[in-house]
There are 2 protein chains.
Amino acid sequence: MSQRLNLEEIGRLAGVSRSTVSRVVNGEPNVSAEAKRRVEEVIQETGYRPHAAARSLASNRTGVVGLVIASAASTLFDDPYFGRLILGVTGATNSMGTTLALFLFDQESDEHSIIPRVVNSGMVDGVVVTATHTGDPVIEHLRRADMPFVVVGRPDDGRARYSVDADNRGGAVAAARHLVDQGYERLGLIAPPSNSTAGIDRRDGFLDGLSEVGLGIDGRMQEGDWSEESGRLAMRELLASEPDAVFVASDRMAVGALRAIREAGLSCPDDVAVVGFDGLLPADQTVPRLTSVVQPVAEVGERAARLLHAVIDGSAAGPEHVVLPTELLVRESCGAEAGR
Amino acid sequence: MSQRLNLEEIGRLAGVSRSTVSRVVNGEPNVSAEAKRRVEEVIQETGYRPHAAARSLASNRTGVVGLVIASAASTLFDDPYFGRLILGVTGATNSMGTTLALFLFDQESDEHSIIPRVVNSGMVDGVVVTATHTGDPVIEHLRRADMPFVVVGRPDDGRARYSVDADNRGGAVAAARHLVDQGYERLGLIAPPSNSTAGIDRRDGFLDGLSEVGLGIDGRMQEGDWSEESGRLAMRELLASEPDAVFVASDRMAVGALRAIREAGLSCPDDVAVVGFDGLLPADQTVPRLTSVVQPVAEVGERAARLLHAVIDGSAAGPEHVVLPTELLVRESCGAEAGR
DNA sequence: TCGGGGGATGGGAGCGCTCCCAGCTCCTGC
DNA sequence: GCAGGAGCTGGGAGCGCTCCCATCCCCCGA
């Protein structure tokens, strides 16, 4: 039915040339008010939209940015982290009139087939890439292809010029201080895997927060793998050394830790206080309500997307590494009055 | 630095013409083994990738499919539903070599600006669209533009030729039967909003499941809005009529309902049994562990994407409405032995 | 021996846009 | 009064690909 309208046709209907229509569509100056009005009228009537492929072929810009989420996507999708991140990114792209292409891969085979497609086919103007673990090969690919990119998370080396991260370290310090302020003395730590910068920052932040006041964990540490089950096992081990408060470096692991406490016949926060990290669980989902360090995931996504746009259109100055503040949200599991 | 390679250039390096290279790249027949080998060698060496925009301009196909999630995206992202759905869709698109463009909008203003862009700019070959509420205008837009589309969920009228849904009704019937089998007699229902087909199906399924055996809910019904808080308030109301078992039509609302039971000083499942719907929460997240009707969200996404591809390449026969089975997962909250 | 058919190949045309230059008009300043 | 510039407009060229037709060659059968 509706054969495609094009610039030439719109021009014919408005009594101007293809070029003038193009100028109107792209909001360029140097078009007479009269011509502009007529063209806009015709566009309105016909519902004309410029053809994305033609535009990007001619201009070498696509108006599409990619969001690359590599490795272990399926486990990570069990918590709302990526949902929030995507929401933040789309918030930014929607308001800037660009489109988001989503590249998820779990298996390395997918990675090998997708990355070249992303990078060399000219399909996107740039990408936001999540850095899940150290030594990720994706970044190297992007760099070699001169593709603009922004890393979500703290890059583990100097290869990334632009990044946006939450203040994992500061949040963990705040958690440590809070527990110390509550008067807990036998502090424990369920640490995240040390193959991620987020994990390292949360662990070091907590330990540094304690040593600021001359405390330590005295061996009361277990490492989890972000999963709920690993949190449960870690807490079960940890209970042997009778901690009175434990910082669990992610909410998912904290949920498992709470279960372990319950299973041991103990009570949180009376026997063991718990502070989590992420602040992504709906408030009431755990019993007791979990005190947690809230990281602004959606805002990280939004800032990353905006920074990427700046990089693409050349308005980004030098290297830029944004760190957004985290905040301790006190609820019940830490035993503080605020949540009682 | 690396100026773009094109077909002509690859052809020159391999000693053949642009056309022959194109045939090799697209896997067409009628290319000599020798020519094919040489071209593939050059492509391998140079890392050449066809330019997506040029290809789609010439062929009128983009290799991109859209996933449109309209309305209330931000609240819905609090649970893992959309994460799982996206995962299913990307699983399918990855394996089929297409790219996923994600269109999320919360505000109507976004909707009005994005839909025309999706539909008329030739940016995607087709879309998977989630039907969150009845009378959604998005579907009408797609239909008028002759854009291939597949609906996730049960469309509420005849305008959609293709859809993929979970068996909400069957799952709710199974929940009803299970509770009846357990010997509960004062059954209650926390229903979803009736402006969605999923909500209607879950409510009607439960009621029909009861009336099959001559039971009813005798007024023990409250309507929630999918949120945790609405589940809590609904259960609080419902407890006045002293139900011994309640079907809560979503896990998020069930979490709120469990909290209301606890807050009333009652115990689940001893005083009130609960069955949820969705099966998306990590197993241990609730106390007690929630018995729930599991819907195969990722598989719904995957089937929708595959069906869309069939529609796009014309291999889909007539209208097709896929309904995937749901399954009752018995854990603790229903009081059945399996979970104890 | 020669004609015909099919596989292999090359190149023209054109997809709808942007970029750029040329040309026209009108206005300003000396 | 005239040169020069600024504002506006039109159209050629070309982005890298696909589609299609023309050509060539080789092999087969009469």
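Chain letters run A, B, ... following the sequence lines, proteins first, then strands; residues in each count from 1. These numbers were taken from a predicted model, which means no experiment stands behind them.
Every residue meeting the salt bridge (charged side-chain N to carboxylate O under 4.0 Å, His left out) condition with A:Arg38, not counting sequence neighbours, appears here in chain and number order: A:Glu34. Listed by chain and number, the residues in a side chain to side chain contact (heavy atoms under 4.5 Å, CB included) with B:Thr99 are A:Ala101, A:Phe103, A:Arg117, A:Met123, B:Val64 (sequence neighbours excluded). In this view, A:Val42 and A:Ile10, A:Leu13, A:Ala14, A:Thr46 satisfy the side chain to side chain contact (heavy atoms under 4.5 Å, CB included) rule, not counting sequence neighbours. Every residue meeting the salt bridge (charged side-chain N to carboxylate O under 4.0 Å, His left out) condition with A:Glu8, not counting sequence neighbours, appears here in chain and number order: A:Arg18. Residues satisfying the salt bridge (charged side-chain N to carboxylate O under 4.0 Å, His left out) test with A:Glu302, not counting sequence neighbours, are A:Arg306. Every salt bridge (charged side-chain N to carboxylate O under 4.0 Å, His left out) that A:Arg154 has, sequence neighbours left out, goes to A:Asp201.
Here chain A contacts DNA chain D (any atom closer than 4.0 Å to a heavy atom, that is under 4.0 Å), and the contacts span D:dC8 to D:dG16 from 5' to 3'.
Between B:Glu140 and B:Arg159, at least one side-chain N (NZ, or NE/NH1/NH2) sits under 4.0 Å from a carboxylate O, which counts as a salt bridge.
Within the model, atoms CG of A:Asp156 and OG of A:Ser163 stand 11.0 Å from one another, a figure rounded to the nearest 0.5 Å. The distance from atom CG of B:Leu67 to atom OG1 of B:Thr90, rounded to the nearest 0.5 Å, is 9.5 Å.
Of the residues in residues 42-60 of chain B, those with a non-hydrogen atom less than 4.0 angstrom from any atom of DNA chain C are B:Leu57, B:Ala58. Residues from residues 113-122 of chain A that place a heavy atom under 4.0 Å from any atom of DNA chain C: there are none. Near-neighbour residues of DNA chain D inside residues 22-31 of chain B, defined by a heavy atom below 4.0 Å, number-ordered: B:Ser22, B:Arg23, B:Asn26.
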**OP:** Could you provide the dot-bracket string of DNA chain D, using ( ) for intrastrand pairs, [ ] for crossing pairs and | for bases paired to another strand, with Watson-Crick or G-U pairs below 3.5 Å?
**Re:** ||||||||||||||||||||||||||||||
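In this structure, the CD atom of B:Glu8 is 8 Å from the P atom of C:dG11, given to the nearest Å.
Across every non-hydrogen atom of B:Gly63 and B:Asp125, the tightest pair is N-OD2, 2.8 Å. Between B:Phe149 and B:Ala160 the shortest heavy-atom distance is CE1-CB, 4.1 Å.
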Subject >> side chain to side chain contact (heavy atoms under 4.5 Å, CB included) between B:Val164 and B:Leu307, worked out >> reply: CA-CA 9 Å; B:Val164 180; B:Leu307 180 53; 4.0 Å; yes
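In this model, a donor atom of one side chain and an acceptor atom of the other lie less than 3.5 Å apart for A:Asp313 and A:Ser315. A donor atom on one side chain and an acceptor atom on the other are found under 3.5 Å apart for A:His309 and A:Thr98.
For residues 41-57 of chain A, the salt bridge (Lys or Arg N to Asp or Glu O under 4.0 Å) pairs, not counting sequence neighbours, are A:Arg37-A:Glu41.
In this structure, A:Thr20 reaches the sugar-phosphate backbone alone: every heavy-atom distance under 4.0 Å involves primed, P, OP1 or OP2 atoms, never a base. When heavy atoms are screened at a 4.0 angstrom cut-off, B:Ser32 is found touching the sugar-phosphate backbone but no base atom.
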